[in-house]
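Take a look at the structure set out below.
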Amino acid sequence: MSIKMTTPESAGVGLPDVESLARLANAFFSALPGAGDAASVPAPERFAAPQSFVPSLPGLGLAQEATTLAPVHPPAAPTLPHALGLDLTPRVGGFVDPLDLGIPGEAELRSLLAPRLPTSGIGVNTPQAVTAQPYYFLEAPRPGAPGIRVPGQEFASEPAIPVHNRPPFDVNLVRKDFPILSERVNGRQLIWLDNAATTQKPQSVIDRLAHFYHHENSNIHRAAHELAARATDAYEAARDKVRGFLNARSVNEVIFVRGATEAINLVAQAWGRANIGKDDEIIVSNLEHHANIVPWQQLCAEKGARLRVIPVDDCGQVLLDEYAKLLNPRTRLVAFTQVSNALGTVTPAKTMVEMAHAAGALALVDGAQSVSHMAVDVQALDADFFVFSGHKVFGPTGIGVVYGKEDILNDMPPWQGGGNMIRDVTFEHTEYHPAPGRFEAGTGNIADAVGLGAAIDYVTALGMDNIAQYEHGLLVYATRLLKDVPGLHLVGTAPDKASVLSFTLDGFKTEDVGAALNKEGIAVRSGHHCAQPILRRFGLEATVRPSLAFYNTCAEVDALYSALLRLTSGRNPVRN
């Protein structure tokens, strides 16, 4: 297998583009099985055509062929465009799509290089183009069938053989679904890297909310008129969408609340007050958001119970051996996050639930940070409670979910009283509905529940497995890139991570880094992320936290990297 990097001979693109291509090559090699940190493609010190270098690929069994920086196709006429791309030729033939490898596609590379091109037009690249424009390709022809694949143009002597299926979404098309991504901040196009705090909303969610208020707005249940029927149908349809999204057994196991924080408080107040007594123990992990700490602290203080904490290692991963030591006959509940909002650590949730059950305890899983990154199956997980917020999964704010096993929910007393949650009321006695009605007192957030249903439709159509695959490639790319920033220290390096990249930068306060990035239109979070205990575990009070979603691109990661390099070198922002 060989990799060929080519760059225009006369387009005046310059050194940064060669470096960018080297980083793309590194990202590709890092995705190969067994590559690890050994994969490396050095960039030349200076741009000059032609130059050669040899990739270092120990242990991969690859043909380490010299690579020439030169046009793939010498111009046959002034109108023929120069080629800028990667040429991948494996020993076994077949076309390989760049998105399958987590590497930027053609449009992303164009976006990355556009500010440095001597021409303003970045259109479809065909042999009829009149300007020197880049294209990006990965090519794996059949043995004996050399050729080149350019988007929209085939130059191979034989048809290519697909060896990987392209994910059913193209990030550049997906981005068009999110109108806010076209927003400009401080004169620059917004780069939204604050997804762990909240995700942006696709047009379909925005439209669904508008449609509800235009055509369906009414209180739900108990009315005989048409709008009440429409609103009730939409609300309960959203509940069923959540059921399917989580693979719950029944819609009766899905309770709408304001968000994950209210969800945890509901369990603490309804289940906890009825089941936690003096000297009982509740276990949480060191990774938790304050929302999965404070309600349990309050309950323990009220009941005379004890809160115990699972420690983590220096990578930010839960120590299962220490967790096992904490479990005992007094343990009544284990509450932990599936994905850390501060570090991105993915916990071994299924194993932790099994261990809790083996000790006779119930388990609550905080899925606020997991539902947007991975498929969740509550039946396979076997958690007794699972909670998440709609705004973390591309839905509206002010809506969230408690999943609970139906028998447990029906054994719990209500935590709020009012309309909608009762079967019958007298001054002497009240009879409550079963779940979920008994936990939805009063008029709920009907429109935003419907909007959450639309968000679930959207991510389901994209495919959670496809989202997870794309984001993993993006995370690998970003991690390798940020490691090259002088003085940058990543915090949280567990082998299994979601798309969070907390870091500190030598000589800079986190809020100053956030402010500097904001001047370039790059939105990140800086602070303690409502997770002070885990940051203090690493001797910190704050980090800078870029967090990625499936609408982010490698080009945006490159912009973050370049902005950080300018910041550390004292140079002024220059991104257009």
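Sequential numbering from 1 along the given sequence is applied to the chain's residues.
Proximity of V557 to L474: side-chain heavy atoms (C-beta onward) are separated by under 4.5 Å at one or more points. Contact of the V378 side chain with the V365 side chain is not registered, since no non-hydrogen atoms from C-beta on lie closer than 4.5 Å. Looking at heavy atoms from C-beta onward, W192 lies in side-chain contact with T198 at the 4.5 angstrom threshold. Within the 4.5 Å cutoff, the side chain of N552 has no heavy atoms near those of the V171 side chain. Here the side chains of T479 and K497 are not in contact, with every heavy-atom distance at 4.5 Å or above. You'll find the side chain of Q338 stays beyond 4.5 Å of the side chain of D366, heavy atoms only. Counting heavy atoms from C-beta on, the side chains of E541 and R536 come closer than 4.5 Å. For the pair S370/F386, a side-chain contact is recorded, criterion being any heavy-atom separation below 4.5 Å from C-beta on.
Ion pairing between D314 and R537 holds under the 4.0 Å rule for side-chain N and carboxylate O. A salt bridge links R545 with D194; the closest basic N to acidic carboxylate O contact falls under 4.0 Å.
Among residues two or more places apart in sequence or in another chain, the ring pair (Phe, Tyr, Trp, His ring centres under 6.0 Å) test is passed with Y403 by none. For N286, there are no side-chain hydrogen bond (donor to acceptor under 3.5 Å, both in side chains) partners two or more places apart in sequence or in a different chain. Listed by chain and number, the residues in a ring pair (Phe, Tyr, Trp, His ring centres under 6.0 Å) with H290 are H528 (sequence neighbours excluded).
The main-chain N or O of A559 is never found under 3.5 Å from a side-chain atom of S562 such that the two would form a donor-acceptor pair. No side-chain donor-acceptor contact under 3.5 Å links T337 to the backbone of E288. Within the 3.5 Å criterion, the main-chain N or O of S526 finds no donor-acceptor partner in the side chain of T510. No donor-acceptor pair under 3.5 Å is formed between the side chain of D177 and the backbone N or O of S204. Distance alone, capped at 3.5 Å, places no donor-acceptor pair between the H373 side chain and the V371 backbone. Of the possible donor and acceptor atoms, none in the side chain of N292 sits under 3.5 Å from a partner among the backbone N and O of V284. Formation of a donor-acceptor pair under 3.5 Å by the S340 side chain with backbone atoms of A342 is found in this model. Judged by distance alone, with hydrogens and angles left aside, the side-chain atoms of D448 form no donor-acceptor pair with the main-chain N or O of G451 at under 3.5 Å. For S547 (side chain) and N195 (main-chain N/O), a donor-acceptor pair under 3.5 Å exists by modelled atom type. The backbone N or O of G316 sits less than 3.5 Å from a side-chain atom of T345, completing a donor-acceptor pair.
Counting all heavy atoms, side chain and backbone alike, M352 lies closest to I310 at CE-CD1, 3.7 Å. Considering all non-hydrogen atoms of both residues, L475 and S499 come closest at CD1-CA, 4.0 Å. Scanning both residues, K392 and A368, for their nearest heavy atoms gives CB-O, 3.3 Å.
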### Message
Quick one, V544 with T504, criterion side-chain contact (heavy atoms from CB on, under 4.5 Å). Give me CA distance, side-chain angles, the key distance, then yes/no.
### Response
CA-CA 6 Å; V544 181; T504 59; over 6 Å; no
### Message
Does L548 form a side-chain contact (heavy atoms from CB on, under 4.5 Å) with L501? I'd like the steps, not just the answer.
### Response
CA-CA 8 Å; L548 308 170; L501 294 151; 4.1 Å; yes
### Task
Please step through side-chain contact (heavy atoms from CB on, under 4.5 Å) for the pair V242 and L452, ending with a clear verdict.
CA-CA 8 Å; V242 174; L452 173 58; 4.1 Å; yes
### Message
Working note: L319 + V312, criterion side-chain contact (heavy atoms from CB on, under 4.5 Å); need CA distance, chi angles, decisive distance, verdict.
### Response
CA-CA 5 Å; L319 293 168; V312 301; 5.6 Å; no
### Message
Show, in sequence, the C-alpha distance, side-chain angles and deciding distance for D207 and K201, and conclude whether the salt bridge (Lys or Arg N to Asp or Glu O under 4.0 Å) test is met.
### Response
CA-CA 10 Å; D207 290 345; K201 319 309 171 193; over 6 Å; no
### Task
Output, in order, the C-alpha distance, side-chain angles, deciding distance and verdict of salt bridge (Lys or Arg N to Asp or Glu O under 4.0 Å) for R175 and E556.
CA-CA 12 Å; R175 286 176 61 83; E556 291 181 319; 3.1 Å; yes
### Task
Please lay out, stage by stage, how F508 and F503 fare under the test ring-ring contact (aromatic ring centres under 6.0 Å, His included).
CA-CA 11 Å; F508 294 89; F503 68 84; over 10 Å; no
### side chain to side chain donor-acceptor pair (under 3.5 Å) evaluation trace for D558 with Y477
CA-CA 9 Å; D558 278 312; Y477 181 82; 2.8 Å; yes
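Ring centers of F550 and F394: under 6.0 Å apart, within the cut-off. A ring-centre distance under 6.0 Å is found for Y551 and F178.
With 3.5 Å as the limit, one finds a donor-acceptor pair spanning the side chains of H529 and T543.
The NZ atom of K241 sits 3.5 Å away from the CG atom of D457 when rounded to the nearest 0.5 Å. To the nearest 0.5 angstrom, L540 atom CG is 12.0 Å from Q532 atom CD. Considering CG of N247 and CG of L381, their distance stands at 11.0 Å, rounded to 0.5 Å. Here D506 contributes atom CG and T568 contributes atom OG1; the two are 10.5 Å apart, rounded to the nearest 0.5 Å. With rounding to the nearest 0.5 angstrom, the CG atom of L517 is 5.0 Å from the CD1 atom of I522.
For R525, the CZ atom counts as loosely surrounded, since its 6.0 Å shell holds 12 or fewer non-hydrogen atoms of other residues, nucleotides or ligands.
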